[in-house]
Amino acid sequence: MTLGMEILEGLNPAQKQAVETIDGPLLIIAGPGSGKTRVITHRIAYMVRVRDVLPYRIAAVTFTNKAAREMKDRLERLVGPHSDALTVGTFHSFCAQMLRRDGSHVGLSPSYTIFDSDDQLALIKQAMELADIDAKQFPPQAVRSTISKAKSILVDAQTFARNQQNYFEERCARIYHHYEELLARNNAADFDDLLMRAVQLLQDNQEVRERYQERYHYLMVDEFQDTNVAQYRLARLLAEERHNICVVGDPDQSIYSWRSADIRNILSFQNDYADAATISLEQNYRSTGKILEAAKQLISANGIRLNKDLFTDNDQGKPVTIHEAYDEGEEASFVIDEIARLVREEKMERGDCAVMYRVNAQSRALEEACLHRGMKYRLVGGVRFYQRREVKDLMCYLRLLVNPNDDNAFLRIINTPRREIGPATLDKLATWALKRGQGLYHVCDDFALSEVMNPKAAEKLQKFKAWLDAKRQFCFGQNSLQAVQELITDMDYEGWLMQNASSPRIGEKNIENIWQLVRSIERMLEKQEDEEEGASDLESVIKKLVLLDMLEQQQEEDDSDRVQLMTLHASKGLEFPHVYMMGVEEEFLPHRTSIEEDNIVEERRLMYVGITRARETLAMTQALTRKQYGEKIDTTASRFVDEMPQEDIDYLGIGIQKDEAKEDAVAEASIANLRALLD
DNA sequence: TCCTCATAACTTTTT
DNA sequence: GTTATGAGGA
């Protein structure tokens with residue numbers, strides 16, 4: 001038993017216990033900075049190297065792609081080459097794979113497409129038209145979130161219809177029904193379906209269930225506080241046979257209830273597995289004493305919580321600072337200038353600094369400040385690559401290649417670039433397709449089409465289909481990448497992008513983006529070739545791409561030299577020596593919508609997450625005025641500031657202002673301050 | 001059928 | 001200050 005025992009070295013007693021407890025249900029409550037990821041990875045390494053568990057039998061599910069990737073990397077180092085056999089991924093990717101294999105039992109053919117939230121919304125709108133429900137009266141967004149919530153607690157259309165409580169829900173029930181039909185017709189699943197169908201699959205199908213239970217003897221769930229009902233049910237089904245399920249989480253870091261994450265899952269876990277062991281990791285190795293104290297005192301304002309006492313042996317460190325700035329521009333300038341100064345004077349690394357904010361919109365002022373000063377930065381998350389218009393368009397072409405029933409993709413690209421096929425034609429096409437009971441694309445070369453519409457239009461449709469069909473032939477052989485490239489050049493997509501861009505620079509950027517997409521396809525094809533001996537096929541690559549698993553990978557080059565900009569949500573699971581938290585104001589943090597919905601506790605947790613990312617220094621900023629809808633509004637300091645230990649905080653007043661505006665700024669700022677005091 | 005210009009409505013966080 | 005929608009002209 002000496003082999004691999006070094007895995008336990010350097011772990012504290014609680015960590016060691018967590019690593020060694022591999023049989024039976026286990027709940028690990030892991031405070032921030034308590035070495036959670038270390039424990040998970042070491043636990044897996046311990047199973048494999050000491051207890052001789054086959055990597056093949058272990059599954060670890062996380063919440064985000066980023067977390068999954070990081071875990072994979074660490075495991076590679078700890079476990080070695082056998083780590084490839086481990087199943088590590090997000091719930092969604094795990095389910096997507098399961099459904100690709102066995103989805104036929106729940107009505108999904110292997111070539112199914114995954115619809116993202118934009119597709120979802122488009123489909124909801126269609127469903128509302130079918131149900132003859134006015135989109136002005138019932139906002140499609142609201143309908144989508146209602147349906148999404150239903151799915152995340154495993155309520156299907158029939159059940160939903162049975163339990164409707166009011167007029168809105170009655171309308172939603174009808175839309176839900178049509179929506180599901182549309183999904184089926186498109187051979188598609190939305191994000192929530194991935195989970196719900198996977199659960200259905202395991203629940204209704206004994207053979208499949210037993211196969212998966214037999215495959216996975218050990219299951220780990222990371223960020224358990226962020227799982228929703230469907231995800232928890234899935235985990236339970238997988239672990240039903242052996243009960244070797246380990247969940248790791250921290251209720252204080254639950255920040256996704258708006259996505260139906262349910263902290264009660266932790267209680268359910270203790271109920272469902274009465275014999276579960278519970279281990280708390282309470283020693284913080286990350287932050288200074290003062291930072292941890294600030295975090296602890298803040299979160300204690302949340303009242304009833306699972307008992308947990310964080311402590312650290314680290315130095316007390318520097319006080320938390322709070323800076324006021326005149327407006328959001330000055331706020332951003334201050335932060336960036338400060339970072340520049342510390343890099344210059346104290347040899348701080350840019351990559352050691354993270355700037356965090358509540359809403360994505362705040363990143364713009366920051367980006368401008370960075371650009372202006374030549375500060376290198378990386379936007380974590382932000383307007384996501386795959387959501388960019390040109391990337392999505394190209395993706396839709398690819399989707400249509402794989403799944404000709406994908407009407408959403410068809411509609412998106414049929415006239416992009418221009419093919420002079422307008423709404424009138426499409427309307428007729430849709431009617432025809434409905435009559436024939438087939439997809440839009442399929443019906444494009446129907447010879448009878450020229451009788452129900454302008455023959456010229458019919459010809460254009462037919463030409464389009466013939467062209468794409470020709471491309472499809474080359475997609476699945478050796479030259480699939482070439483087919484993609486031809487697709488782009490054939491339609492002079494580059495020219496179209498340039499023409500439509502507001503400036504040549506943006507046009508070039510857009511073009512760069514699509515080639516970046518092509519490059520990641522190329523990389524994935526190569527990778528697949530390595531793994532599966534030559535069997536590279538575009539089809540499976542495109543399906544993975546839709547799950548957006550790999551797209552962000554390439555952006556991660558030399559981060560060490562770049563300031564990291566991100567939302568507080570995106571910061572979860574990360575740590576940085578220096579953290580700047582912007583917009584610490586009422587209406588922002590806590591956010592206005594949360595105040596209205598009376599969900600301050602979650603905002604507090606969000607701030608708690610942000611604070612506990614910091615290792616050495618933490619600086620917060622408040623802009624005294626902020627532009628909203630083009631109008632300047634005075635702000636109030638966040639209530640959370642008062643909830644932190646005042647003795648550990650330095651208030652630094654106005655951080656910076658333009659010289660010519662100085663007097664005005666001071667005057668206005670003090671008025672704003674006075675107002676803040678009066679409130 | 002496409003394009004331009006005006007106006008309205010909106011903004012939380014993400015797989 | 002944006003992005004989604006709509007009316008009206010080419």
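In what follows, every chain begins at residue 1, and chains take the letters A, B, ... in the order their sequences are listed. All figures in this text were calculated on a predicted structure; none of them were measured in a lab.
Regarding contacts with the backbone of dT14(B), every side-chain N or O of N65(A) stays at 4.0 angstrom or more from both OP1 and OP2. When the side-chain nitrogen and oxygen atoms of T425(A) are compared with OP1 and OP2 of dT1(B), one or more of them lie within a distance under 4.0 Å. Applying the 4.0 Å criterion to OP1 and OP2 of dT15(B), one finds that S93(A) has every side-chain N and O outside that range. Using a 4.0 Å cut-off, no side-chain N or O of K632(A) falls inside it from OP1 or OP2 of dG1(C). Between R364(A) and the phosphate of dT2(C), there is a side-chain N or O to OP1/OP2 separation shorter than 4.0 Å.
If you take NE2 of H591(A) and P of dT14(B), they are 12 Å apart, rounded to a whole angstrom. To the nearest angstrom, P of dT15(B) lies 19 Å from CG of L99(A). When rounded to the nearest whole Å, the span between NZ of K149(A) and P of dT14(B) equals 16 Å. When the P atom of dT13(B) is taken as reference, atom CG of L574(A) falls 17 Å away, rounded to whole Å. Atom CG of L194(A) and atom P of dT14(B) are 19 Å apart (whole Å). Summarising the geometry, the separation between CD on Q362(A) and P on dT2(C) is reported as 16 Å, rounded to the nearest angstrom. Between the P atom of dT15(B) and the NZ atom of K151(A) lies a distance of 19 Å, rounded to the nearest Å. In this structure, M356(A) atom CE and dT13(B) atom P are separated by 16 Å, rounded to whole Å.
Between dT14(B), dT13(B), dT15(B), one nucleotide has an atom nearer to the side chain of A570(A) than all others, and that is dT14(B). Distances were taken from every side-chain heavy atom of T90(A) (C-beta onward) to each of dT2(C), dT1(B), dT15(B); the shortest belongs to dT15(B).
Classification of D250(A) and K36(A) as a salt-bridged pair fails, no side-chain N sitting under 4.0 Å from a carboxylate O. Between R364(A) and E328(A), none of the side-chain N atoms (NZ, or NE/NH1/NH2) sits under 4.0 Å from a carboxylate O, so this pair counts as no salt bridge.
Between Y216(A) and F94(A), the ring planes lie tilted relative to each other; the angle falls in the 30° to 60° range.
Evaluation of Y256(A) against the base of dT14(B) yields no stacking contact (centre distance < 5.5 Å, interplanar angle < 30° required).
DNA chain B is contacted by both T593(A) and I421(A); I421(A) maps to the nucleotide lying nearer its 5′ end (nearest heavy atom per residue). Comparing R259(A) and R419(A), the nucleotide of DNA chain B nearest to each residue sits closer to the 5' end for R419(A).
A donor atom on one side chain and an acceptor atom on the other are found under 3.5 Å apart for T635(A) and Q622(A).
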May I have the step-by-step check of salt bridge (Lys or Arg N to Asp or Glu O under 4.0 Å) for E643(A) and R604(A), ending in yes or no? CA-CA 10 Å; E643(A) 295 172 357; R604(A) 200 175 273 117; 2.7 Å; yes
